[in-house]
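I have placed the structure first, in the form of structure tokens, so that the comments after it can refer back to it.
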Amino acid sequence: MNRLKNTEHLVRDSVLKIFNKEFLTFLFFFVLSGIFWLMMALNETYEKEVPVRVRLTGIPKNVVITQDINDTVMVTMRDKGFYIAAYMLKGYLAPVSFAFDNYANDKVEKGVIPAADIVKAVSLQLQGSTKVMSLKPDHLEFYYNYGLSKTVPVRLSGVIRPSASCYLAKVLFWPDHVTVYASQHVLDSIQYVTTEDLRITNFNDTVIRRVPLMKIRGAKIMPVTVRLGLFPDILTEESIEVPIEAVNMPPDKVFRPFPNKIRVHFTIGASQFRHIRPEQFIVVADYNEIARQPSSKCNLYLKSAPKEVRHPTLEFNQVDYLIEQE
């Protein structure tokens, strides 16, 4: 008990030493000076940028908004610190609304809300002493039409590069066509819609992802995103034996090459090789060249090859031959 009482006295004496008269006097004047400083600071003039939401109201049911107005404007206000602090403590300014019919121009199917109207709508929420110094953006635009639309294909845009051992065999979109709503002159200028610029590289397996479509000024695209499928295939070196033909041969002569077939080497996707046939290649010797420059050998040319093959080359470029008279 004695030890407990001693401890109690020690704590009480320590508290009294800390909160003595001099310390309390200092604390009082410190707080008082802080209040004076805060009041002086709040009495200064400040500028503050705050966001204000914007709404377009009264849109007729038969109207399609093809490009929405910006849903937020940044308003720079100027006033005493007291009022600026009050706006900040409130945390927001109420959204401002604009009636569609007041700004729509059916001749160009476009509406423009000027800065003066935005400032007027925002000022209704402000103190009389608060001034709006600037807006970003300084006006608002929206585009619309009465349901006029067009269906166009989707195309890929950007850098799409599989790994070194593969090539891009197929690109698919789901959906592969989208609907564009716009005025007639805008629709006439749109033949297709592209994805936003993509960068997908060094892949060797199927890639499936949802990608956004590139926005078009004055047009509304539905849907705004599509699913993209990239299907790489492994590149393989293959060859196929192809008959040698003659071109520009007189009807009374016969061309006989030795050998009469040649192997064509090329690179192709592994899955595509099974669809390749010899008749898809054309290897020729030109009789006119032979007649101009007689020799024991004639030159061979790869005249045609399937579009799926890459870097087709002949096994050799010359062969022995005979020209026989019928």
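Asn105 places no side-chain N or O within 3.5 Å of a backbone atom of Lys110 that could act as its donor or acceptor partner. With hydrogens and angles ignored, the 3.5 Å screen pairs no side-chain donor or acceptor of Asn204 with any backbone N or O of Ser163. Without hydrogens or angle criteria, Arg310 side chain to Lys307 main chain gives no donor-acceptor distance under 3.5 Å. Side chain of Asn70 to backbone of Thr72: no donor-acceptor contact under 3.5 angstrom is found. Proximity of a side-chain donor or acceptor of Tyr144 to a complementary backbone N or O of Asp106 within less than 3.5 Å is detected. Counting only distance, with no hydrogens or angles, the side chain of Thr66 and the backbone of Tyr143 share a donor-acceptor pair below 3.5 Å. Formation of a donor-acceptor pair under 3.5 Å by the Thr195 side chain with backbone atoms of Ser157 is found in this model. Between the side chain of Gln191 and the backbone N or O of Asp188, at least one donor-acceptor pair lies under 3.5 Å.
Contact of the Leu172 side chain with the Lys170 side chain is registered, since non-hydrogen atoms from C-beta on lie closer than 4.5 Å. Side-chain contact between Lys253 and Glu324 is absent, with no heavy-atom pair separated by less than 4.5 Å.
Cluster membership check: Ile221 shares its hydrophobic cluster with Leu156, using side-chain heavy-atom separations under 4.5 Å among Ile, Leu, Val, Met, Phe, Trp and Tyr. Linking Ile, Leu, Val, Met, Phe, Trp and Tyr residues whenever their side-chain heavy atoms come within less than 4.5 Å leaves Ile190 and Ile65 in two separate clusters. In terms of hydrophobic clustering, with Ile, Leu, Val, Met, Phe, Trp and Tyr side chains grouped at heavy-atom distances under 4.5 Å, Ile323 and Val284 are assigned to different clusters. Each of Ile234 and Phe203 belongs to its own hydrophobic cluster when Ile, Leu, Val, Met, Phe, Trp and Tyr are linked at side-chain heavy-atom distances under 4.5 angstrom. Criterion: ILVMFWY side-chain heavy atoms under 4.5 Å apart, direct or through other members. Under it, Phe316 and Tyr321 are part of a common hydrophobic cluster.
Test Val226, Val180, Thr225 against Leu213 for side-chain contact (heavy atoms from CB on, under 4.5 Å) and you get one pass: Val226.
Here the closest heavy-atom approach between residue Gln280 and residue Arg277 is recorded as OE1-N, 2.6 Å. Taking each heavy atom of Trp174 and Leu228 in turn, the nearest pair found is CZ3-C, 4.0 Å.
Remark: Arg210 CZ is packed, more than 12 non-hydrogen atoms of other residues, nucleotides or ligands lying under 6.0 Å away. Counting heavy atoms of neighbouring residues, nucleotides and ligands inside a 6.0 Å radius, atom NZ of Lys131 does not exceed 12 of them.
Less than 6.0 angstrom separates the ring centroid of Phe281 from the ring centroid of Phe266.
Taking 4.0 Å as the cut-off between side-chain N and carboxylate O, Glu238 and Arg274 do not count as a salt-bridged pair. Electrostatic pairing of Glu196 and Lys215 does not count as a salt bridge here, judged by no charged N lying under 4.0 Å from a carboxylate O.
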